[in-house]
Amino acid sequence: MPIPELQQIVEAVRVKQRFVIASHARPDGDSIGSQLAAAYALRALGKQVTVVNADPAPPPLMQFPGVPDIQITHRVRVEPGEDAAVIVMECGDLARTGVAGLERFFVINIDHHPGNTSFGQLNWFDDTAAACGELVFDLVAALGVPLSHEIAIHVYLAILTDTGSFHYSGISPRTFDICRQALEAGVDPVLVARNVYDSNNMGRLKLFGGVLSAMQIDPTGRIAIVYLDHEMARQAGGTYEDTEGLVNLPLTVKEIQAVVFFKQNEGDEYRVSLRSKGDIDIGSVAKEFGGGGHKNAAGCTVTGPIDALQKLFIEKIERAIVLVESQDCRIAGLQK
Ligand code: 5GP
Ligand code: MN
């Protein structure tokens with residue numbers, strides 16, 4: 001079935017010549033994969049493409065094609081004009097990019113997060129996609145660009161990382177169909193997984209050790225609270241970038257239903273990562289604190305004394321868990 005938003009984007013890509021492709025600050029595998037798959041496709045059409053991000057890619061992703069060439073900047077350096085457009089991947093609003101000056105361009109917004117604000121001149125938003133990379137896959141096909149090895153690797157990277165190695169909700173038959181096509185285009189899934197997950201430094205492992213030893217569990221035994229500050233990172237010999245993926249580990253314990261990870265920014269300001277299992281809507285918890293994300297993976301930034309913050313988050317998460325339990329009871333009741 002033709003998607004009107006996609007057709008409009010294809011038309012815009014045809015008429016424009018210069019592109020800036022941006023994503024959110026602290027980019028993840030889906031940001032990088034979506035940006036670079038699109039960049040390689042547009043270059044195959046002879047377009048001039050600049051990929052920009054506010055922050056560098058996580059170190060393991062540096063090994064993927066084109067990643068070291070991403071421009072790291074807080075202000076776009078490309079001049080706007082009639083022939084230019086910005087494609088923003090993975091952002092609910094333009095501020096999420098952390099890159100100033102994008103609003104002066106014709107903006108194409110491609111995203112799969114619930115609550116996207118339709119900030120672009122063209123907006124294509126599909127929250128049934130497991131990764132933004134799924135949408136980029138469709139864009140590449142709609143542009144008539146063959147699935148090159150580089151494009152396929154980046155689409156696969158986006159899906160692998162954003163589904164948490166095929167753990168999270170949102171995975172559909174389509175997800176596997178795209179992965180199948182990526183493998184047919186030459187992607188080696190073992191090599192990708194090894195590059196993404198098995199190329200860490202020792203500091204990261206020590207940091208994981210330190211943070212997990214200090215982990216707390218709420219009185220109900222269902223919520224894990226993890227915490228990291230600059231001093232802990234220094235002692236372990238790791239950096240904040242090394243914490244990528246750490247928030248998911250407590251969920252490997254059967255009883256743990258949700259995780260909240262506080263990472264100190266400066267003073268009393270904390271970056272919060274939230275994760276949950278099943279129907280527990282952690283995204284709505286993040287939204288209450290001015291953040292956002294998906295049902296099972298979300299984040300926000302908060303300020304205050306850490307003890308009070310922890311208490312507040314546990315209360316809200318507890319409420320989200322109870323909500324699902326009461327729904328489960330109702331469904332069980334109906335079935336009787
Ligand atoms: P992470 O915990 O890995 O930083 O983020 C998990 C998910 O939540 C990602 O899909 C990310 O896009 C979303 N997210 C994280 N922080 C924020 C935030 O401050 N605002 C919004 N809108 N989404 C966020
Ligand atoms: Mn994503």
Side-chain angles (χ1 to χ4, degrees), residues 22-38 53-55 57-58 61 88-98 109-119 124-137 154-172 175 178 196 211 224-228 240-251 258-263 265 269-276 280-303 313 317:
S23 186
H24 55 77
R26 294 181 304 275
D28 57 15
D30 193 20
S31 328
I32 299 292
S34 298
Q35 286 179 285
L36 282 167
N53 278 329
D55 301 300
L61 301 192
V88 181
M89 306 281 188
E90 277 265 287
C91 292
D93 55 62
L94 209 49
R96 279 276 288 148
T97 61
N109 159 20
I110 302 178
D111 186 25
H112 74 131
H113 291 96
N116 185 287
T117 56
S118 295
F119 56 87
W124 179 28
F125 151 67
D126 178 1
D127 65 3
T128 67
C132 192
E134 285 192 6
L135 305 182
V136 175
F137 177 88
H154 280 292
V155 167
Y156 185 79
L157 171 69
I159 293 174
L160 178 73
T161 54
D162 233 36
T163 59
S165 305
F166 306 102
H167 259 66
Y168 304 149
S169 57
I171 299 167
S172 68
T175 311
I178 294 172
V196 174
V211 171
I225 306 111
V226 271
Y227 171 86
L228 175 69
Y240 272 28
E241 283 76 52
D242 291 327
T243 59
E244 179 69 34
L246 197 162
V247 63
N248 300 311
L249 287 186
L251 287 184
V259 185
V260 53
F261 181 12
F262 293 92
K263 236 189 292 185
N265 277 349
E269 188 187 271
Y270 297 91
R271 168 91 212 127
V272 183
S273 279
L274 296 156
R275 296 292 185 272
S276 66
I280 299 163
D281 188 359
I282 211 79
S284 61
V285 174
K287 217 183 278 171
E288 286 190 57
F289 293 97
H294 308 272
K295 188 163 77 178
N296 294 138
C300 55
T301 301
V302 292
T303 306
F313 273 83
I317 297 168

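Numbering of residues begins at 1 and proceeds along the displayed sequence. In each ligand, atom 1 is the first atom listed, and ligand 1 is the first ligand listed.
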Exercise. Heavy-atom contacts under 4.0 Å between C300 and ligand 1: side chain, backbone, both, or neither?
Worked result: backbone
For this session: To the nearest 0.5 Å, tell me how far D162 CG sits from H167 NE2.
Result: 14.5 Å
For this session: Keeping the roles fixed (side chain from D126, backbone from D111), state whether a donor-acceptor pair exists under 3.5 Å.
Result: no
For this session: Around atom 18 (C) of ligand 1, find the nearest protein heavy atom and jot down its residue, atom name and distance.
Result: G299 O, 3.5 Å
Problem set entry | Plane angle bin for H112 and H294 - parallel if under 30°, tilted between 30 and 60°, otherwise perpendicular | tilted
Problem set entry | G92 to ligand 1, any heavy atom closer than 4.0 Å | no
Could you go through residues 280-287 and list every donor-acceptor pair under 3.5 Å that involves a side-chain atom there, pairing it with any protein atom two or more places apart or in another chain?
from, atom 1, to, atom 2, distance (Å)
D281, OD1, G283, N, 3.2
D281, OD1, S284, N, 3.2
S284, OG, D281, O, 3.0

Exercise. Which N, O or S atoms belonging to the protein are less than 2.8 Å from the Mn ion (ligand 2)?
Worked result: D30 OD2, E90 OE2, H112 NE2, D162 OD2
Problem set entry | Over all atoms of both residues, closest heavy-atom pair of A54 and T97 | CB-O, 3.4 Å
For this session: Would you check whether R271 reaches within less than 4.0 Å of ligand 1, judged by its heavy atoms?
Result: yes
For this session: Check whether the side chains of S169 and N296 place a donor and an acceptor atom closer than 3.5 Å, and report yes or no.
Result: yes
Exercise. Going by distance alone, is a donor N or O of one side chain under 3.5 Å from an acceptor N or O of the other, for N248 and Y168?
Worked result: yes
Exercise. Can you tell me which residue and heavy atom of the protein come closest to atom 24 (C) of ligand 1, and the distance to 0.1 Å?
Worked result: G292 O, 3.3 Å
Exercise. Got an N/O contact under 3.5 Å between G290 and ligand 1?
Worked result: no
For this session: State whether the shortest distance between N or O atoms of R96 and N or O atoms of ligand 1 falls below 3.5 angstrom.
Result: yes
Problem set entry | Numbered atoms of ligand 1 (with element) below 4.0 Å of G293, judged on heavy atoms | 8 (O), 13 (C), 23 (N)
For this session: Hey, can you tell me if H113 and H24 have their rings parallel, tilted or perpendicular (30° and 60° cut-offs)?
Result: perpendicular
For this session: Describe, in one word, how the ring planes of F313 and F262 are oriented to each other, choosing from parallel (under 30°), tilted (30 to 60°) and perpendicular (over 60°).
Result: perpendicular
Seminar exercise, completed: min-distance protein heavy atom vs atom 8 (O) of ligand 1 -> A298 CA, 3.1 Å
For this session: Indicate yes or no for a side-chain donor-acceptor contact from D127 to the backbone of P114 under 3.5 Å, with no hydrogens or angles considered.
Result: no
Exercise. Which one of H112, H294, R26, R275 has a non-hydrogen atom at the shortest distance from atom 5 (O) of ligand 1?
Worked result: R275
Problem set entry | Element-labelled atoms of ligand 1 that are located less than 4.0 Å from some non-hydrogen atom of A297 | 6 (C), 7 (C), 8 (O)
For this session: Determine whether the side chains of S276 and K295 contain a donor N or O and an acceptor N or O closer than 3.5 Å.
Result: no
Problem set entry | S273 N/O to ligand 1 N/O under 3.5 Å | yes
Exercise. Does the S34 side chain pair with the main chain of G133, one donor and one acceptor, at a distance under 3.5 Å?
Worked result: yes
Exercise. Within the structure, does H113 bring an N/O atom to less than 3.5 angstrom of an N/O atom in ligand 1?
Worked result: yes
